Amino acid sequence: MAALSDQLLVIAIMSYVAAMVGHAAEYAFGQRSHVGRAAAPAAPVLVGAGGPSVVEPELPSSFDPPASPPDKARFAGWFAVAATVVAALVHLGALATRGLAAHRMPWGNMYEFVLSVTFVGIAAWLVVLSRKPTIRHLGLFVALAMVLLLGVAGMVLYVDVAPLVPALKSTWFVVHVSAAVLSSGIFLLGFVPAAMFLIRSGYDRGKRSFPYSLGARVPAADVLDRLTFRLHAFAFPIWTFGALIAGPIWAEAAWGRYWGWDPKEVWAFISWIVYAGYLHARATPSVKRTTATWIAVVGWLTMLMNLFGVNIFFTGLHSYGGL
């Protein structure tokens, strides 16, 4: 089962790559593509002396605009969605076989935790996409996040299947970690529209350098802003329960204290403060939406620190990375 899980992970990554390529093709060559518009030469215009401009009725073949492939581009987009669904199913299979091989929930180390968080993120994305298909172009960046995180998990964080350390053998393991996995996966998805909102806002203000040039094809800024807020508002109470309620209760049962300022506890609290700050800023009319969204981006950076940095660079009671 462990070997099958490893093979399924490779297939999942390749499927996410296929989805990313499909989304990129639609992004670049779609009917409303910024790239396609830029490629079309301007039609020649005849200007009469003192009279209105007159468009030449018959253009030479050299001035014919390039054929637009909207149907093929749309097909590439839906191929990308189908590839994402396949990747998510294979991703789930990699998690399930890993759990069967270990005879436990697959959350015992950083490798398994990243696999679980990314699966929640992609499952949440498919739910959001089914409700609002017009945001399909965001799939390019969601698939990119999946490829990067799963690639790091497979190449850097991978460890062989092993039993849980004694401290994790508790009913609270399922309660606490499942809440952390669920909220972290939704925060991961929420980071994508947050980052793209900042890019789209810059594009709307006339910025055309990279990365603002990516804003040409993403949804409108207000759509991205609302999606960012809703995802974070949904994930925040789950993170509150998992990190600041279930975690301390389990800590008291396992270590005899509710809170000990362990590095993982500190960074979980920092993430909670930052995300609370985002929700407060987003609900305050006097705070610019770009300012509030930057707080959400910083929140995801603290989550990455909590996931990777604490386990790699610090020693504490929560350092179960397994590296």
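These numbers were taken from a predicted model, which means no experiment stands behind them.
When side chains are defined from C-beta on, L214 does not count as touching Y203, because their heavy atoms never get closer than 4.5 Å. Contact of the T134 side chain with the P219 side chain is not registered, since no non-hydrogen atoms from C-beta on lie closer than 4.5 Å. You'll find the side chain of K264 reaches within 4.5 Å of the side chain of N311, heavy atoms only. Side-chain contact between L144 and L140 is absent, with no heavy-atom pair separated by less than 4.5 Å. Side-chain atoms of R282 and V287, non-hydrogen and from C-beta on, never get closer than 4.5 Å to each other. Residues V177 and M105 form no side-chain contact, since every pair of their non-hydrogen atoms from C-beta on lies 4.5 Å or further apart.
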- request: Please step through side chain to side chain contact (heavy atoms under 4.5 Å, CB included) for the pair V10 and Q7, ending with a clear verdict.
  value: CA-CA 5 Å; V10 174; Q7 294 168 359; 5.8 Å; no
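The pair E252-R257 fails the salt-bridge criterion, with no side-chain N (NZ, NE, NH1 or NH2) lying under 4.0 Å from an Asp/Glu carboxylate O. Taking 4.0 Å as the cut-off between side-chain N and carboxylate O, E26 and R217 do not count as a salt-bridged pair.
When all heavy atoms are compared, the tightest approach of G185 to V120 is CA-CG1, 3.8 Å. Among all heavy-atom pairs drawn from A296 and Y275, the shortest one is O-CE2, 3.9 Å. The two residues W259 and A243 come nearest to each other via the heavy atoms CZ3-O, 4.5 Å. Contact detail for L231 and L189: the closest heavy-atom pair is CD1-CG, 3.9 Å. Taking every heavy atom of both residues into account, T84 and H23 meet most closely at OG1-NE2, 4.3 Å.
Geometrically, R136 engages W78 in a cation-pi contact, judged by NZ or CZ lying under 6.0 Å from the ring centre and within 45° of the ring axis. The side-chain tip of R289 does not point at the ring of F197 from less than 6.0 angstrom away and within 45° of straight on.
In this structure, W272 has its ring center closer than 6.0 angstrom to the ring center of F236.
Under the 4.5 Å side-chain contact rule for hydrophobic residues, V274 and M303 share a cluster.
Under the side-chain hydrogen bond (donor to acceptor under 3.5 Å, both in side chains) criterion, S178 pairs with no residue, sequence neighbours left out.
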